[in-house]
Amino acid sequence: MSETRNSRPRAKTWSLGEAARASGVAPLGVAAWQRVVDRLRGWAHAEAGAGRLLPWVPVSFGAGIALYFAADHEPVAWVAALAACGFAGAAVALRRQRVFALAVLIAALAAGFATAALKASRIVHDVLTRPIHMVGLQGFIETREERDKTDRFVLRVVQMDAARDQGAFERVRLSVKKGTAPAVGSFVELKARLAPPLQPLRPGAYDFGRDLYFQGIAATGFVMGAIRPRPPPGEPGWALRYAATMQGLRDAIDARIRLTLSGDDRAIATALLTGRRDAITTPVNDAMFISGLGHVLSISGYHMAVVAGVVFFTVRALLALIPALTVTFPIKKCAAAAALAAALFYLLLSGAEVATQRSFLMTAVVLIAVLVDRQAITFRTLAVAAMIVLTLAPEALVHPSFQMSFAATLGLVALVQIGMPKLFAAPDNSATARAALWGAREIMVLGLASLVAGLATTPYAAFHFHRVTPYGVLANLLAMPVVSALVMPAGLLGLAAMPFGFDGVFWRLMEFGIDWMIVVAEGVASLPGAVGRVAAFGTGPLLLATLGIILLGLLRTPLRFAGAALLGVAISSALLTPQPDILVAADGHHVAVRGADGRLRLMQDGKDAFLLKEWLAADADSRAVSDPTLAEGVSCDASGCVAPLADGGLVALARRPDAVAEDCERARLIVTLRQKPADCAAPVIDLENLRGQGAQMLRQTRGSFVTTANRPRGVDRPWSRPVPEPQERSDTAAPSRRGATAAPVDATPPEAERQDDD
């Protein structure tokens, strides 16, 4: 029986070469093509080896989150959750099949989609859709920010005196005059002017309203008049007490630093230790980002690594001074535990932003690996950190901080895991040894790390901020050794010395290093070509670049060079993206028209500096908002403005009804907040259109316009609702109350600073 079974004929798969020979035809190059196919198959098998699946799980999980944010309507959360459970069950059932890896990745994608949908359904809340000119509010102060020109705080609303159709808001963010923001945890009463959260200033721009929605903030605005403290109606809760405690600690640190330092030195020192970076002046802040040193101001992996590293080596060195402990006591593990505690304290002190969370998780996994005697810096470490962050805060995926942080970390881990072993594979080489004696190896490592991190973050800086840093490696080589060896250690020693009153000398040491960093930033920023401007491009090139970076970082075989090809395609696509001929703001008061010279001309009824800066930056235009050339060729009178397109056709911004009728006869496009005439021959963007679709950009194609809107028809997400038709007047005033405990101080910010520019 066994002989019969074993003698059965079996199917055989022929190679390309065998098939060609059997047919009697052997075309030239078939053998070479067969070798190529065999080589590709071998590389694919190597990439699918044991332990290679885990780093791809967070990639697929993040793709699912991206699909959630790309949906036209809000998904049904429980349906998404059931689908994710189904795919997860299928993956378990297929665990012994060859398609198991594919099943796991599909399940991870479905889980990412469901995680984002469940998070959105859990925090669902109302969002203000049209301005309220005056409203009375009572509530607790949750957070407070010190900024360059104004202060800002988040109010958890307990009572709101407004029209019923406005809804009930949980939190609002308000700006006040500097020095008038109440303490965190206090209960106050105030009057404010509220506006809807800031929507994208042009189609494809960053959505600040989405960020605020996931923070539970329903409106932004500014305080009108005095802020009056009131007795709280009940206990504030443990979360608010914790926030007040941490804010008090940050204020105490800032106050001690303020006794010794001032200006940008004080602001940067506070930013490095507490994460409060809004008080840095605009020129220095711009110089830091133009030079490529902006990452120093945002607490991330570098800062967390320095904090953990300083504590680790200090504790280990102190324990090593006791000979009895070096033999019987695990001093390395004790040092790792102390470093983990220090990193956790630094996370809480700095406000636990997304980049800081990722940094702490990476650092924690590394230190835990030391505690359990495992390899620390691996792709698995990064994968675990990414999964934790995205599970807790799926909205972080679309934030530039997360994107740049993980791209840089992926590049650095790939450098450590793949590049460094190959680069220094022969440490006994005489040339390598001589270079190491002079510190060239350390300089090379720092330069490579700066180059890899800078290149990895370039697509995201270009997409979100429309600029690149050509001299980033130079600035990092000059400044980062001083920051690592002097600024951060001195800051940690200053924190340790604060309770004893000897912290002043350490703040002075920080000042020396910060001054050098500012000198480097301003010097590099002033070099020719230091400002690399990039015109806005769509999400397509960004997704291609992301996939290219992932392939370059995660693949081990030459297949990774497919990532370089994708990056080349992404760069070409970004550079070839056509720019709009017309930009229309959501309020209808600002219109930009591209003239014959290829540059924008502005027609405006107001002056929104933040909007204009964003438009110019997205156009790779170096002109300032006040540049007189922005109005060249624009003709304005009391009825409105007109500006010519590149082909001479006119675009009109009409203020009066009679101007609309006149422009219908001569203009190619009309923008107006007035009613559209029924017999107008020209296309009109009117108030109803702007309410429904928001900001728009238009391109001319064969005599007609192709429009791209912030909210295309059929798209409706909870953080971006179309503005409803106006009903009753919604501004109401809170009744005045008696018994104020102290003379109130007017907290209304200056008129020029009332706009919430985020």
Side-chain angles (χ1 to χ4, degrees), residues 148 205-206 263-265 267-268 271-272 277 280-298 300 302 400-401 403-405 407-408 411 443-444 446-484 487 513-537 541-542 545 567 570-571 574-575 577 579 598-600 609-610 612-627 629-630:
D148 185 22
Y206 191 73
D264 286 312
D265 291 334
I268 292 176
L272 293 177
R277 57 184 182 272
I280 302 171
T281 59
T282 300
V284 171
N285 190 69
D286 290 344
M288 293 288 288
F289 280 94
I290 292 172
S291 65
L293 293 176
H295 65 91
V296 179
L297 303 179
S298 177
S300 56
Y302 164 76
S401 173
Q403 296 168 3
M404 299 178 73
S405 178
I443 295 175
M444 183 184 299
L446 178 60
L448 282 174
S450 299
L451 179 62
V452 168
L455 290 176
T457 57
T458 293
Y460 308 99
F463 180 80
H464 292 289
F465 310 117
H466 317 298
R467 61 189 178 197
V468 294
T469 55
Y471 303 120
V473 174
L474 173 63
N476 280 273
L477 282 175
L478 292 175
M480 295 314 294
V482 175
V483 177
S484 302
V487 176
I514 291 172
D515 285 340
W516 170 249
M517 184 173 62
I518 293 176
V519 168
V520 170
E522 293 178 339
V524 171
S526 64
L527 293 175
V531 183
R533 302 185 185 277
V534 181
F537 53 90
L542 184 69
L567 283 172
I571 293 172
L575 294 178
T577 299
Q579 296 305 303
R599 300 201 298 175
L600 295 177
F610 184 61
L612 300 182
K613 286 174 63 177
E614 168 63 19
W615 280 4
L616 293 173
D619 208 53
D621 195 328
S622 61
R623 290 177 293 176
V625 173
S626 58
D627 195 311
T629 61
L630 290 171

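Positions are given from 1, in the same order as the sequence printed here.
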Can you measure from [atom1] ([X]) to [atom2] ([Y]) and round to the nearest 0.5 angstrom?
| X | Y | atom1 | atom2 | answer |
| --- | --- | --- | --- | --- |
| Arg599 | Ser622 | CZ | OG | 7.5 Å |
| Phe537 | Ile571 | CZ | CD1 | 9.5 Å |
| Leu630 | Leu612 | CG | CG | 7.5 Å |
| Gln403 | Tyr460 | CD | OH | 6.5 Å |
| Asp515 | Asp265 | CG | CG | 4.0 Å |

Locate the shortest heavy-atom distance separating [X] from [Y]; write the atom from each residue and the value.
| X | Y | value |
| --- | --- | --- |
| Val468 | Ala462 | CG1-CB, 4.1 Å |
| Ala271 | Ile280 | CB-CD1, 4.5 Å |
| Ala609 | Val625 | O-CG2, 3.9 Å |
| Ala536 | Gln579 | O-NE2, 3.2 Å |
| Gly529 | Pro470 | O-CG, 3.4 Å |

Do the side chains of [Y] and [X] get nearer than 4.5 Å, heavy atoms only?
| X | Y | result |
| --- | --- | --- |
| His295 | Asn476 | yes |
| Thr282 | Asn285 | no |
| Val520 | Val482 | no |
| Thr469 | Ile290 | no |
| Phe465 | Pro400 | yes |
| Arg467 | Phe289 | yes |

Original post:
Are Val296 and Met517 close enough, and set up right, to give a side-chain contact (heavy atoms from CB on, under 4.5 Å), and what steps lead you there?
Top reply: CA-CA 10 Å; Val296 179; Met517 184 173 62; 3.7 Å; yes

Original post:
Between the side chains of Thr629 and Arg623, does any donor sit under 3.5 Å from an acceptor?
Top reply: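 Thr629 vs Arg623: donor-acceptor pair found between side chains.
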
**OP:** Decide whether His466 and Asp619 meet the rule of one side-chain donor and one side-chain acceptor closer than 3.5 Å.
**Re:**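 Per modelled atom types, His466 and Asp619 side chains form no pair under 3.5 Å.
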
Subject >> Parallel, tilted or perpendicular: rings of His464 and Tyr206 (30°, 60°) >> reply: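 Rings of Tyr206 and His464: perpendicular, as their planes differ by over 60°.
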
